[in-house]
Amino acid sequence: GAGVSQTPSNKVTEKGKYVELRCDPISGHTALYWYRQSLGQGPEFLIYFQGTGAADDSGLPNDRFFAVRPEGSVSTLKIQRTERGDSAVYLCASSDIGGDYNEQFFGPGTRLTVL
Amino acid sequence: AQSVAQPEDQVNVAEGNPLTVKCTYSVSGNPYLFWYVQYPNRGLQFLLKYITGDNLVKGSYGFEAEFNKSQTSFHLKKPSALVSDSALYFCAVRDRGGSQGNLIFGKGTKLSVKP
């Protein structure tokens, strides 16, 4: 079946602009995660949804970052007033149950470049 | 705080030789450990996981990993490397202290297999 998809694959924006990144999880997966991967680093957790609600948003770096999942499927990561330091690959993952032992399935990521 | 360490930035192996990619962890309680692989321009792919039971875990593409509680290690191994195994490998531990959702990743190890 279809895996996790993310759009756009690449996004170039100017400092101060607003961007939205979209994630389509695997159908039926209730848990959805956003990570950010900077060059030469492993992915860093941003936010975790269980259904429609954000179960843990402790990884969001500041209030410029926000994410929603209004119908418990597609999620959008929103970044306001982008800064050059926001440049990274943003990864989305989903799993069928947000428990300890279920592996997460990752999308290909959105490469965000802030000029 | 829970963490994962991958002490080698790069591992070089000749095709046909055994390979080991090292990972050590620091967690409170019993660890849930994962290995993922990342090919260029592709998303992270799940390889294997340790939850409980047998210390030797077998996964995808002929990879296996050995959980060693006394050494707090979870090294990835393969008896005979292939050129196609060349990729970026990430060790991860489930964050038991938070919402039980997110993974904590190491910084990654680049595996290069030469013919």
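Below, read A as the first sequence line, B as the second, and so on, with proteins coming before strands; counting in each chain starts at 1.
If you chain together hydrophobic residues whose side chains sit under 4.5 Å apart, Tyr25(B) and Val57(B) fall into the same group. A continuous path of Ile, Leu, Val, Met, Phe, Trp and Tyr side chains, each step under 4.5 Å between heavy atoms, connects Leu33(B) with Tyr61(B), placing both in one hydrophobic cluster. Cluster membership check: Tyr48(A) shares its hydrophobic cluster with Leu44(B), using side-chain heavy-atom separations under 4.5 Å among Ile, Leu, Val, Met, Phe, Trp and Tyr.
In Leu39(A), the CG atom is not crowded: 12 or fewer heavy atoms of neighbouring residues, nucleotides or ligands sit closer than 6.0 Å. Heavy-atom neighbours of Gln10(B) CD from other residues, nucleotides or ligands within 6.0 Å: above the threshold of 12. Residue Phe46(B) places its CZ atom among more than 12 non-hydrogen atoms of other residues, nucleotides or ligands, all under 6.0 Å distant.
Heavy atoms closer than 4.5 Å to chain A are found nowhere in Tyr50(B), neither backbone nor side chain. Contact of Gln38(B) with chain A is made through the side chain alone, with heavy-atom distances under 4.5 Å. For Gln37(A), the part sitting under 4.5 Å from any heavy atom of chain B is the side chain, from C-beta outward, and nothing else.
Side-chain N or O atoms of Tyr36(B) include one that pairs as donor or acceptor with a backbone N or O of Gln104(A) at under 3.5 Å.
Here the straight-line distance linking atom CG of Leu47(B) with atom CD of Glu103(A) works out to 11.0 Å at 0.5 Å rounding. Taking OH of Tyr35(A) as the start and CG of Leu103(B) as the end, the distance is 4.0 Å to the nearest 0.5 Å.
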Subject >> Stepwise ring-ring contact (aromatic ring centres under 6.0 Å, His included) check, Phe45(A) with Phe105(B) >> reply: CA-CA 9 Å; Phe45(A) 169 72; Phe105(B) 286 87; over 10 Å; no
